[in-house]
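This one's a predicted model, so the numbers in the text were calculated from it and none came from an experiment.
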Amino acid sequence: MHKGKWITGSARKELTETFVKEYREGRSIRAIAEAHGRSYGFVHRVLTEARVPLRARGGDSRTRTAGQSSGTSADGMALRLPALGQ
């Protein structure tokens, strides 16, 4: 599909299904947009219209392993970062 072209009807339904599948597999909105030649805003709008729960910014947290930092300490307490300029 060409960027900027209106997508309606069955073509939009098919594209929505593709976007939802890719997003649920862990692909980012930006990556989906780039792969399909669409804008970030268009993909975001299609996903929200389909009522897909969007992930928080920063990527797919499902891929973290036990050794990677998630912003909490081993006992589950939030880590404190020093303020800038100190």
Side-chain angles (χ1 to χ4, degrees):
M1 307 224 175
H2 300 291
K3 189 171 185 175
K5 182 180 178 190
W6 283 78
I7 302 171
T8 58
S10 62
R12 188 172 179 112
K13 184 177 178 181
E14 288 176 26
L15 195 58
T16 299
E17 291 170 0
T18 300
F19 288 177
V20 169
K21 180 179 181 286
E22 290 181 16
Y23 188 74
R24 288 188 173 151
E25 289 173 349
R27 202 166 193 189
S28 70
I29 294 175
R30 197 162 308 282
I32 295 168
E34 189 174 314
H36 293 276
R38 305 303 301 185
S39 70
Y40 176 95
F42 175 79
V43 175
H44 186 278
R45 184 171 47 257
V46 168
L47 291 173
T48 54
E49 286 173 0
R51 300 185 187 263
V52 174
L54 301 180
R55 295 185 296 267
R57 292 179 58 158
D60 186 1
S61 61
R62 294 178 298 165
T63 59
R64 286 199 176 122
T65 62
Q68 291 178 312
S69 174
S70 64
T72 58
S73 64
D75 61 1
M77 299 298 291
L79 297 176
R80 294 181 183 229
L81 299 176
L84 294 175
Q86 291 186 3

Does any non-hydrogen side-chain atom of V46 lie less than 4.5 Å from one of L15?
no
Quick check: do V43 and R30 have side-chain heavy atoms less than 4.5 Å from each other?
no
Given side chains that start at C-beta, do those of R38 and I7 come closer than 4.5 Å, heavy atoms only?
yes
Roughly how far, to the nearest 0.5 Å, is OG of S39 from CZ of R45?
6.5 Å
If we ignore hydrogens and angles and just use 3.5 Å, is the side chain of R55 paired with the main-chain N or O of Y23 as donor and acceptor?
yes
Taken to the nearest 0.5 Å, the spacing of R51 CZ from E49 CD works out to 10.0 Å
H36 ring center within less than 6.0 Å of F19 ring center
yes
Check E17 with K21, please: is the shortest side-chain N to carboxylate O separation under 4.0 Å?
no
What is the minimum heavy-atom distance between H44 and L54, and which atoms define it?
NE2-CD1, 3.3 Å
